[in-house]
Colleague: 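Structure below; questions to follow.
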Amino acid sequence: MTSTERTDVLVVGSGFGGAIAAYHLAAGGARVVVLERGPWLGTQDFEHDFKLGSSYTRAFDFVVGDGMSVLGGNCVGGGSVVYFAAMPRAPRFIFERHGTIGRRMWPASVTRDTLDPWYDRVAESIPVTTQDWNDVTYAGGLWAAACDHSGRTANPVPVAIDNTKCVNCNWMMAGCRFDAKRSLLTNYLPAALAHGAQIRPLHEVQQIARNDDGSYRVHYDLIDEEDYRIRYDGGAIDAKIVVLAAGAGATPVILQRSEATLGAMPHAVGRYFSGNGERLNTAVLNEDRVREVLGLSRGDGLAYAANQIGKGPTVANWDRLDGSLPEFTRYSLEQLYFPPGLGTILAQVADAAPGESTWFGVKKKEMLRRWQSWLIIFQMIEDANEGVFGPPPAKGNADRVSQQMLGIGRLKYDPVESTLRAWAMADAEVKEILERDGLATVTAWTNDVIGAYTVHPLASCRIGDDPATSALDDRNELRGHPGIFVTDGSAVPGALTVNPAMTIAALAERAIPGIVRAAQERGVDVTYGAPAPDGGISARRGVADLLPSLTRR
Amino acid sequence: MPPRAPADDNPRTTTLEAFADTIVPGEKRYPDDVAVAGAAEGGGAVQAGAIELLEWNATGVTEGLDDYARMLSDHARDYAAEHGLTLDESLPPFVALSFEHRTALVRRLTAPDHPEKPFWVLLTLFSNMAYDSAAHMSTAEAIAAGHPGLLAMGVARPDEDGLWRFPAHSYGRPLARLHPDTTPSGSPA
Ligand SMILES: Cc1cc2nc3c(=O)[nH]c(=O)nc-3n(C[C@H](O)[C@H](O)[C@H](O)COP(=O)(O)OP(=O)(O)OC[C@H]3O[C@@H](n4cnc5c(N)ncnc54)[C@H](O)[C@@H]3O)c2cc1C
């Protein structure tokens, strides 16, 4: 008879929520196993190539749903490997949002003030740094100048990028070949390994069951390293503590599938999904007007024509991040880059004649010819947590179509009036800024082709004080299932109006003391208090006063 | 370039070519090219390699291509009947439609309320990707080989090692006032 493998802590997923938990628990002395469905890629694997099967499709996941498509990471390091590394903190008013539930969505214990020390821990650990105008790319500079020209402010965004190594290749979505992006492969994950954590790539968790002794059995399949549609028999691991961090598009699906073996799930599992209010606009710039109106010149005869150059988003307009404005009317407008393929198909022409399509055909081809003069603006509004997951697919969180990247999931998202209105407001504002004085022609990406889309899935298994509308208590433990914690983006209660990874990571850091305490109570010899992955200790001091309230039972 | 004969006049291929050409239109490859309608100058999705991409099983649509061609033919016949059009019977039905009618039919198949929409959207995605990202070829090789989409878009050439680097990347000066409430971490307050 073969006995089932055992560990203290089993972590599902190796993105922000998983890597942070794995590091702290391993550093504190627990035996930690991380199961990750995607491959384990290193710097030399990150290619500048759109060919199917290159790192761009190996590391990436694109799940089409009904009204919402979700893009994310699919590799060790999760979203941090493919993301753009903009790392702002969420504005103060976000924590006071009511959303649709008539009361504060966030637990009473979480405010910007109580989260700031955890943000500091993340900032030290990754590290996250501010940028100055020399780091700002042509695209970011153009957005700043246009904001300024229309009487607005604009900010270089804080980032997890070592700008001394960055070559502005704009291939961030395929993984960073130059070790400039500070993905989790450069901080939390190597530190977790150094403390004995095991990371197992191409292990996809399907289901969790409860054992008689209160521990959990986690079942996984093995995934083929090239064709993710092919799976092999896997196995199971018993763990005293399970940390779910498969991302907001996958964590609730695992829990839904486990209902038969775990018992009833809280109502909010697989509900209240937010796409972080995302929507994209494409501006096609008039190069002459950029020179004449904004006085911009690259010094080589070109005014802009630099869509391809850069490192994702570098500048954001935050004028509407004003807590005195009503909820659902606040948003940020951030300059962005999105590569061809995913970044072009949904862009619409401004002048389609009757009978022509706005997103394919002759005029669209003409628009593509001016691709170097594109500027993409990213809106993050407050949506109303409209997303609901249907019954889970047989395996994973999607029926895979292509060998990599593309699958069909079960998320349904039907935007409500307040969401549509906020998008319309933000569309109008981007137009106002960029069409002023003939600078550009602006159109929104169509939602008619694949519905809305997000790279920021959130809230599908969220924290809160109200058991009816939150799946987790305010220390990220799954209600009714002691010993199961969720630390990824699904724990964030709602849209943030800024990029979410900094907040996801801070909430994960904040959840650790409670997870350590739960592990201790289950007989695991583990302590809390590891320094930053590089040994830094200044931010650890900042959270010391907060620990007692996070470890109460 | 001398006019060349059709490489493949298999009805399935010409039907799929006509579809891809509706998404990113191109000029005719040879005078009697029936699949490519010739609605735009320069190469379109077909010249860019749409069929090569669709025929590669990594996409996940390859096994469905017979169905795609058959259903497209059925829809084209229905469409023609509805509009009182007489189709040239020597051609596959979708190929026999004019560019305008092909466009109208594809718009209908990809409209939000069409029951087969997700199926057709997939085909548009790959048709578009053949043109704007040459997803069936290594990107650096595609550019070196004069790939019509990447060239038309003005995609810059990589360095000799096949990697892109842009040493000049910034206007290098302040271009706006910062938000007055910015915190020392560079975040909104
Ligand atoms: C192109 C792009 C750009 C982005 N840019 C930014 C940005 O600039 N700033 C920002 O703040 N955010 C950005 N994001 C979003 C950011 O990456 C995510 O918010 C963040 O990674 C979410 O962290 P997470 O811990 O919730 O999950 P993830 O990082 O998504 O990690 C989840 C992990 O779990 C794995 N997994 C899923 N299912 C299973 C399973 N069943 N078994 C085992 N493993 C599983 C996945 O493969 C993945 O590795 C971007 C995202 C994308 C796609």
Colleague: Please walk me through it: do A:Ser297 and B:Tyr171 pass side chain to side chain donor-acceptor pair (under 3.5 Å)?
Modeller: CA-CA 7 Å; A:Ser297 160; B:Tyr171 295 113; over 6 Å; no
Colleague: Checking B:Trp120 against chain A: side chain, backbone, both or neither under 4.5 Å from a heavy atom?
Modeller: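 B:Trp120 has no heavy atom closer than 4.5 Å to chain A.
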Colleague: Which atoms of A:Thr497 are under 4.5 Å from chain B, going by heavy atoms: the side chain, the backbone, both sets, or neither?
Modeller: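 The answer is neither part of A:Thr497.
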Colleague: For the interface with chain B, which of A:Val498, A:Val128, A:Asp319, A:Leu342 has the highest count of heavy-atom pairs at distances below 4.5 Å?
Modeller: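 Counting heavy-atom pairs under 4.5 Å, the top option is A:Asp319.
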Colleague: Residues of residues 57-75 of chain B under 4.5 Å from chain A (heavy atom pairs)?
Modeller: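 Interface residues of residues 57-75 of chain B: B:Asn57, B:Ala58, B:Thr59, B:Gly60.
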Colleague: Could you tell me which portion of B:Glu41 (side chain, backbone, both or neither) has an atom closer than 4.5 angstrom to a non-hydrogen atom of chain A?
Modeller: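 When you check distances to chain A, only backbone atoms of B:Glu41 fall under 4.5 Å.
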Colleague: Would you mind telling me which of A:Gly361, A:Ala90, A:Gly323 has the largest number of heavy-atom pairs within less than 4.5 Å of chain B?
Modeller: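 Looking at each of A:Gly361, A:Ala90, A:Gly323 in turn, A:Gly361 comes out on top.
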Colleague: Can you tell which part of A:Arg112 gets under 4.5 Å to a heavy atom of chain B, answering side chain, backbone, both or neither?
Modeller: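 A:Arg112 touches chain B through side-chain heavy atoms alone.
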Colleague: What part of B:Leu53 is in contact with chain A, defined as an atom under 4.5 angstrom from a non-hydrogen atom: side chain, backbone, both or neither?
Modeller: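 Contact with chain A: side chain only.
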Colleague: Rounded to the nearest 0.5 Å, what separates atom OG1 in A:Thr446 from atom CZ in A:Phe360?
Modeller: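 Between A:Thr446 OG1 and A:Phe360 CZ, I get 11.0 Å after rounding to 0.5 Å.
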Colleague: Taking the six-membered ring of A:Tyr138 as reference, does the NZ or CZ atom of A:Arg298 fall below 6.0 Å from its centre and within a 45° cone about the axis?
Modeller: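 Because its charged atom sits under 6.0 Å from the ring centre and within 45° of the axis, A:Arg298 does stack over A:Tyr138.
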Colleague: Which answer fits B:Met153, side chain, backbone, both or neither, if we ask what part of it has an atom under 4.5 Å from a heavy atom of chain A?
Modeller: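 Both backbone and side chain.
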Colleague: Is A:Ala123 close to chain B through its backbone or its side chain, or both, or neither, when contacts mean heavy atoms under 4.5 Å?
Modeller: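 Neither the backbone nor the side chain of A:Ala123 comes within 4.5 Å of chain B.
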Colleague: Tell me, side chain or backbone of A:Phe178 under 4.5 Å from chain B's heavy atoms, or both, or neither?
Modeller: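 Looking at A:Phe178, just its side chain touches chain B.
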Colleague: Could you have a look at A:Ile309, A:Val401, A:Asn134, A:Asp148 and say which one has the most heavy-atom pairs with chain B under 4.5 angstrom?
Modeller: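 Heavy-atom pair counts peak at A:Ile309.
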Colleague: Counting only N and O atoms by type, is there a donor-acceptor contact under 3.5 Å from the side chain of A:Glu356 to the main-chain atoms of A:Ala353?
Modeller: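 Yes, the answer is positive, given that a donor and an acceptor are paired below the 3.5 Å cut-off.
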Colleague: Roughly how far, to the nearest 0.5 Å, is CD1 of A:Ile94 from CG of A:Leu496?
Modeller: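 Nearest 0.5 Å value for the CG-CD1 distance: 5.5 Å.
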Colleague: Give, as side chain, backbone, both or neither, the part of B:Ser127 having an atom under 4.5 angstrom from any heavy atom of chain A.
Modeller: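 Interface part for B:Ser127: neither.
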Colleague: Can you tell me which portion of A:Tyr228 sits under 4.5 Å from chain B's heavy atoms? Options are side chain, backbone, both or neither.
Modeller: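 Neither part.
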Colleague: Please state whether the side chain, the backbone, both or neither of B:Leu122 comes within less than 4.5 Å of a heavy atom of chain A.
Modeller: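 The side chain, not the backbone.
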Colleague: Give a yes or no on whether the backbone of B:Ala156 and the side-chain of A:Gln308 come within a donor-acceptor separation of less than 3.5 Å.
Modeller: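 Yes, the answer is positive, given that a donor and an acceptor are paired below the 3.5 Å cut-off.
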Colleague: Can you tell which part of A:Trp318 gets under 4.5 Å to a heavy atom of chain B, answering side chain, backbone, both or neither?
Modeller: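 Its backbone and side chain both get close to chain B.
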Colleague: Checking heavy atoms, do the side chain of A:Glu366, its backbone, both or neither come under 4.5 Å from chain B?
Modeller: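 Neither part, no heavy atoms under 4.5 Å.
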Colleague: So what's closer than 4.5 Å to chain B heavy atoms on A:Val64: side chain, backbone, both or neither?
Modeller: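 The answer is neither part of A:Val64.
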Colleague: Using heavy-atom distances under 4.5 Å, tell me whether A:Ala303 contacts chain B through its side chain, its backbone, both, or neither.
Modeller: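 For A:Ala303, the contact with chain B is made by the backbone alone.
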Colleague: A:Arg177 versus chain B, heavy atoms under 4.5 Å apart: side chain, backbone, both or neither?
Modeller: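 A:Arg177 touches chain B through side-chain heavy atoms alone.
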Colleague: Quick check on B:His136 against chain A: is it the side chain, the backbone, both or neither that has a heavy atom closer than 4.5 Å?
Modeller: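 Only the backbone of B:His136 comes within 4.5 Å of chain A.
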Colleague: Side chain, backbone, both or neither: which part of B:Pro184 has a heavy atom under 4.5 Å from chain A?
Modeller: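 Contact with chain A is through the backbone of B:Pro184 alone.
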Colleague: Check the pair A:Asp227 / A:Gln404 against side chain to side chain donor-acceptor pair (under 3.5 Å), numbers first and verdict last.
Modeller: CA-CA 6 Å; A:Asp227 191 335; A:Gln404 295 158 7; over 6 Å; no
Colleague: Minimum heavy-atom separation for A:Tyr119 to A:Ala506, with atom names?
Modeller: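 Distance-wise, the nearest heavy atoms are CD2-CB, 3.6 Å.
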Colleague: To the nearest 0.5 Å, how far apart are CD1 in A:Ile450 and CG in B:Leu125?
Modeller: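 A:Ile450 CD1 to B:Leu125 CG: 7.0 Å, rounded to 0.5 Å.
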Colleague: Report which part of A:Arg152 has an atom under 4.5 Å of a heavy atom belonging to chain B: side chain, backbone, both, or neither.
Modeller: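 A:Arg152 touches chain B through backbone heavy atoms alone.
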Colleague: Can you see which heavy atom on A:Gln335 is nearest to which on A:Thr314, and at what distance?
Modeller: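 Of all heavy-atom pairs spanning A:Gln335 and A:Thr314, the closest is OE1-N, 2.7 Å.
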Colleague: Can you tell me which portion of A:Leu52 sits under 4.5 Å from chain B's heavy atoms? Options are side chain, backbone, both or neither.
Modeller: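 Both parts, heavy atoms under 4.5 Å.
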Colleague: Under a 3.5 Å distance rule, please check whether A:Asp49 uses its side chain to pair with a backbone N or O of A:Lys51 as donor and acceptor.
Modeller: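 Yes: the side chain of A:Asp49 pairs with the backbone of A:Lys51.
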Colleague: Rounded to the nearest 0.5 Å, what's the gap from CG on A:Asp322 to CZ on A:Arg92? Could you check?
Modeller: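 These two atoms lie 13.5 Å from each other.
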Colleague: Relative to chain B, which segment of A:Ser54 carries a heavy atom at a distance below 4.5 Å: side chain, backbone, both, or neither?
Modeller: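 Contact with chain B is absent: no heavy atom of A:Ser54 under 4.5 Å.
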Colleague: Counting only non-hydrogen atoms closer than 4.5 Å, does B:Ala140 touch chain A with its backbone (N, CA, C, O), its side chain (CB onward), both, or neither?
Modeller: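 Neither part, no heavy atoms under 4.5 Å.
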Colleague: Which atoms of A:Trp359 come close to chain B, meaning under 4.5 Å heavy atom to heavy atom: side chain ones, backbone ones, both, or neither?
Modeller: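 For A:Trp359, the side chain is the part near chain B, not the backbone.
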Colleague: Which one wins on heavy-atom pair count under 4.5 Å against chain B: A:Gly355, A:Ala306, A:Cys147, A:Pro339?
Modeller: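 Going by pairs under 4.5 Å, I would pick A:Gly355.
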